[in-house]
Structure formats: C-alpha cells, structure tokens
Amino acid sequence: MTWASWTTCGVFSGHGGVLTEEVGVLSGELTVHTTWAEDTAQITVQYSGAIDWFTMAGSPVACCSEEDSRRLHDAAVQAVRNGAAATVPVPPRAAPERAAGSAPE
C-alpha cells in the first residue's frame, strides 16, 4: 500500500475559521494534517499543540495520486487561512501532460 502524509503547523485561520465534522468551527492557530492512502485523502485540523484532531468538513475525498494529495493539502491550508468556515477544497489535479511532438502554443 502506498501512502503519504503532510502536516503544516502554525496556520492562523481567517475570520470564520474552519468547519469540522465533530465540533463545528475552529479558529485561531491551527495545525492541518493530510493523510493520503488508497486513493483517498483525509484532512484533519487541531488547535496547535493540542491532542485532539477534528475532521475538516468535506473530508475524506477521492484523490488519485500522491502529487494531487500534496496539492490538496496546500489548498486546504490556504482555505484555513482564508477562513469563512472553510471546508475541504475541490482536489486540484496535475496539469495534463502535453502530447509528445505537439507544438507549443
């Protein structure tokens, strides 16, 4: 089984914080954690330095690759910074590969 995880500490939420499944909105200094395995990304948040983790609303989401899950983590961190009861953003996808031999635009 292939898996990956990322953690970003010290993320200050924007006004309105981040919406969680378990306790509603969290705001303030947060830690964002993403785990990717079996084509699924799970995103959780916690108050920085706390023990309890909470599921970010909209998680888990289908995510086809490790690279896409990293981009999703970065997008989730930005969503938390933006606030407004942030939820998991739509998973970003890698740019399609340019066909071999195609001319640049």
Side-chain angles (χ1 to χ4, degrees):
M1 173 173 82
T2 302
W3 69 276
S5 70
W6 295 275
T7 303
T8 303
C9 302
V11 179
F12 287 90
S13 68
H15 181 73
V18 57
L19 184 61
T20 69
E21 297 291 336
E22 297 86 0
V23 296
V25 174
L26 298 181
S27 61
E29 184 179 353
L30 305 171
T31 297
V32 180
H33 180 78
T34 302
T35 301
W36 173 77
E38 299 178 8
D39 294 333
T40 302
Q42 174 76 32
I43 301 174
T44 56
V45 295
Q46 73 174 175
Y47 287 110
S48 291
I51 296 170
D52 296 322
W53 288 94
F54 304 100
T55 305
M56 190 171 178
S59 180
V61 295
C63 193
C64 298
S65 72
E66 183 176 340
E67 294 79 16
D68 284 347
S69 67
R70 176 59 197 204
R71 281 187 281 281
L72 177 60
H73 174 79
D74 291 343
V77 168
Q78 187 57 52
V80 170
R81 287 182 177 135
N82 292 341
T87 60
V88 174
V90 174
R93 297 201 152 228
E97 295 296 321
R98 189 179 302 195
S102 65
E105 295 179 15

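From Trp3, atom CH2 reaches atom OG of Ser69 across 11.0 Å, with rounding to the nearest 0.5 Å. Taking CG from Asp52 and OG1 from Thr44, the interatomic distance works out to 11.5 Å, rounded to the nearest 0.5 Å. To the nearest 0.5 Å, atoms OG (Ser65) and CG (Leu72) are separated by 10.5 Å. Rounding to the nearest 0.5 Å gives a distance of 10.5 Å between CD of Glu21 and CE of Met56. Glu29 CD to Cys9 SG: the interatomic distance, rounded to the nearest 0.5 Å, is 8.5 Å. Once rounded to the nearest 0.5 Å, the distance linking CH2 of Trp36 with CD of Gln42 reads 15.0 Å.
In this structure, Thr20 contributes its side chain and Val25 its backbone to no donor-acceptor pair below 3.5 Å. Checked by atom type and distance alone, the side chain of Trp6 never pairs as donor or acceptor with a backbone atom of His73 at under 3.5 Å. Judged by distance alone, the side chain of Glu22 and the main-chain N or O of Thr55 form a donor-acceptor pair under 3.5 Å.
Cluster membership for Val23 and Trp53, using ILVMFWY side-chain heavy atoms within less than 4.5 angstrom, is not shared. Residue Leu19 is not grouped with residue Val45 when hydrophobic side chains (ILVMFWY) are merged at heavy-atom distances under 4.5 angstrom, including chains of intermediate members.
In this structure, Ala41 and Ser59 approach most closely via the heavy-atom pair O-OG, 3.9 Å. Taking each heavy atom of Ala79 and Ala86 in turn, the nearest pair found is O-CB, 3.2 Å. Here the shortest heavy-atom pairing between Val11 and Arg81 reads CG1-CG, 3.7 Å. Between Pro89 and Ala76, the shortest heavy-atom distance links the atoms CG-N, 3.8 Å.
Taking the side chain to side chain contact (heavy atoms under 4.5 Å, CB included) definition, one finds that Ala84 meets it with nothing, sequence neighbours left out.
Under the 4.0 Å criterion applied to side-chain N and carboxylate O atoms, Arg71 and Asp74 are not assigned as salt-bridge partners.
The shortest distance between side-chain heavy atoms of Val18 and Ser13 does not fall below 4.5 Å.
Side-chain contact of His33 with Thr35: a donor-acceptor pair under 3.5 Å is present, judged by distance alone.
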